[in-house]
Participant: 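Below are the structure tokens for one structure; questions will follow.
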Amino acid sequence: AGGNDALQRQAAELRRQIAETEAKKEALVRNQSADAAFLEEAAPELDGLRRQVRDEHGRVFDDSEAICPTCGQAYPPERIDDLKARFNTDKADKIQSITERGKELAALVKEAQARQKSSMREIADCGDRLETLRSHLREVTDSIAAPPAWETTTAPMRWSWTSSGNSSRTSTARRRNNAPRRRPSWT
């Protein structure tokens, strides 16, 4: 029984490690799924940002903005220069804002891709570790000596009579070693 105790403790430790590794693997799979969903959403957003930058670069000052909407006359040259300068500043600010957002998103995409690659390796490692732990657990549990079932005992219990005439239970082996059995008296 002492050897079984050590094996039982070892089996319990292996079960704990298996549960821990399964939990880690499940967490990695969840994180990988979240990264995959993020990447799926980020790709069209990056494409949209690239399109916005191209469109913004292609935008030019509209000469119709150099005409007063109220009276229909052209603005003086100084006013037109101010309008063009404001247009170019707004255009540059917008391009910079879109570019910054694109760079942030691209960095997040790169991080998510790296995490996914790392997660795939770790998930595979967890799978290998689980296989090894389960195999070792099978070996340990197979080597635990189980006591024989009561049906397989070699010396079944039988009733016998003692010298005083009282009955008691003794094993067949014990009865064979005793003196001749006495028959009970029925009177």
Side-chain angles (χ1 to χ4, degrees), residues 1-62 64-65 82-157:
N4 276 349
D5 290 342
L7 290 172
Q8 292 288 0
R9 282 192 301 276
Q10 189 177 7
E13 175 62 19
L14 287 168
R15 285 185 193 97
R16 185 194 64 75
Q17 288 178 9
I18 287 170
E20 202 174 88
T21 305
E22 285 174 340
K24 180 180 178 182
K25 184 177 179 182
E26 289 171 10
L28 287 167
V29 168
R30 277 192 308 273
N31 291 342
Q32 188 179 32
S33 295
D35 284 338
F38 168 75
L39 291 172
E40 195 172 303
E41 293 172 8
E45 186 176 348
L46 276 172
D47 290 340
L49 290 171
R50 287 183 192 108
R51 247 188 329 277
Q52 287 178 8
V53 167
R54 275 194 310 271
D55 292 348
E56 199 59 35
H57 272 294
R59 200 167 60 107
V60 292
F61 181 76
D62 185 8
S64 66
E65 292 180 27
D82 287 345
L83 288 173
K84 284 183 179 180
R86 189 176 316 140
F87 171 83
N88 288 332
T89 302
D90 290 344
K91 179 180 172 179
D93 289 347
K94 192 169 184 180
I95 289 172
Q96 182 179 0
S97 172
I98 295 169
T99 303
E100 285 175 4
R101 172 64 185 141
K103 286 180 180 179
E104 289 171 6
L105 188 56
L108 292 174
V109 164
K110 191 173 183 178
E111 288 173 13
Q113 288 171 336
R115 274 193 314 268
Q116 260 200 327
K117 189 175 182 180
S118 173
S119 290
M120 286 171 44
R121 280 192 305 268
E122 286 185 60
I123 288 170
D125 291 346
C126 283
D128 293 343
R129 178 163 168 72
L130 282 170
E131 224 175 271
T132 302
L133 288 170
R134 287 181 179 137
S135 172
H136 193 55
L137 178 62
R138 276 190 301 276
E139 291 171 9
V140 169
T141 54
D142 288 348
S143 65
I144 293 175
W150 65 272
E151 294 91 6
T152 62
T153 55
T154 59
M157 299 300 284

Participant: Check Ala112 against Asp35 and note the closest heavy-atom contact, atom names and distance.
Facilitator: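 Where Ala112 meets Asp35 most closely, the heavy atoms are O-OD2, 4.0 Å.
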Participant: Taking the side chain as every heavy atom from C-beta outward, state whether Ile18 and Glu22 have any atom pair closer than 4.5 Å.
Facilitator: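 Yes, close enough: below the 4.5 Å cut-off.
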Participant: For a quick test of reading the model, state the closest non-hydrogen atom pair linking Cys126 to Lys25 and the distance between them.
Facilitator: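 Shortest heavy-atom contact: CB-CB, 3.9 Å.
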Participant: Is the shortest side-chain N to carboxylate O distance from Lys103 to Glu100 below 4.0 Å?
Facilitator: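 Salt bridge flag = no for Glu100 with Lys103.
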Participant: Give, for atom CG of Leu137 and atom CG of Leu133, the distance between the pair rounded to the nearest 0.5 Å.
Facilitator: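 Leu137 atom CG to Leu133 atom CG measures 8.5 Å (nearest 0.5 Å).
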Participant: Can you tell me how far the NZ atom of Lys94 sits from the OG1 atom of Thr99, to the nearest 0.5 Å?
Facilitator: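 Between atom NZ of Lys94 and atom OG1 of Thr99 there are 12.0 Å.
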Participant: Salt bridge check, Arg16 against Glu13: does any charged N sit closer than 4.0 Å to a carboxylate O?
Facilitator: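 Between Arg16 and Glu13 there is a salt bridge, with a charged N closer than 4.0 Å to a carboxylate O.
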Participant: Are the side chains of Arg121 and Lys117 in contact, using a 4.5 Å heavy-atom criterion?
Facilitator: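 Heavy-atom side-chain distance check passes, below 4.5 Å.
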Participant: Just how far is it from atom NE2 of His136 to atom CD of Gln17, taken to the nearest 0.5 Å?
Facilitator: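 Taking NE2 in His136 and CD in Gln17, the distance rounds to 8.5 Å.
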Participant: Tell me whether Thr132 contacts the main-chain N or O of Asp128 through its side chain, where contact means a donor paired with an acceptor under 3.5 Å.
Facilitator: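 Looks like yes, one N/O pair under 3.5 Å.
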Participant: Which atom pair, heavy atoms only, marks the closest approach of Phe87 to Phe61?
Facilitator: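 In this case the closest contact between Phe87 and Phe61 is CE2-N, 3.4 Å.
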Participant: Which atoms form the tightest heavy-atom contact between Leu49 and Ile98, and what is the distance?
Facilitator: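 Reported closest heavy-atom pair: O-CG2, 3.5 Å.
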Participant: Can you tell whether the side chains of Lys84 and Glu65 come within less than 4.0 Å, N to carboxylate O?
Facilitator: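 So Lys84 does not pair with Glu65 through a salt bridge.
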Participant: How close do Val109 and Ala42 get, counting heavy atoms only, and between which atoms?
Facilitator: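 The answer is CG2-CB, 3.6 Å.
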Participant: Heavy-atom distance under 4.5 Å between the side chains of His57 and Arg54, does that happen here?
Facilitator: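 SC-SC contact between His57 and Arg54 ruled out.
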Participant: So does Arg115 pair up with Glu122, basic N to acidic O under 4.0 Å?
Facilitator: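 No.
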Participant: From Asp93 CG over to Arg86 CZ, what is the distance, rounded to the nearest 0.5 angstrom?
Facilitator: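 That separation rounds to 12.5 Å.
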Participant: Indicate the atoms forming the closest heavy-atom contact of Ala11 with Thr141, along with that distance.
Facilitator: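 Looks like CB-CG2, 4.4 Å.
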Participant: Show, in sequence, the C-alpha distance, side-chain angles and deciding distance for Asp125 and Arg129, and conclude whether the side-chain contact (heavy atoms from CB on, under 4.5 Å) test is met.
Facilitator: CA-CA 6 Å; Asp125 291 346; Arg129 178 163 168 72; over 6 Å; no
Participant: Would you compute the distance between atom CG of Leu7 and atom CG of Asp142 and round it to the nearest 0.5 angstrom?
Facilitator: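 Going from CG on Leu7 over to CG on Asp142, the span is 11.0 Å.
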Participant: Within a reach of under 6.0 Å around NZ of Lys91, are more than 12 heavy atoms found that belong to other residues, nucleotides or ligands?
Facilitator: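 Counting neighbours around NZ of Lys91, more than 12 heavy atoms of other residues, nucleotides or ligands fall under 6.0 Å, so yes.
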Participant: What distance separates Arg50 CZ from Glu45 CD, expressed to the nearest 0.5 Å?
Facilitator: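 Separation between the atoms: 11.0 Å.
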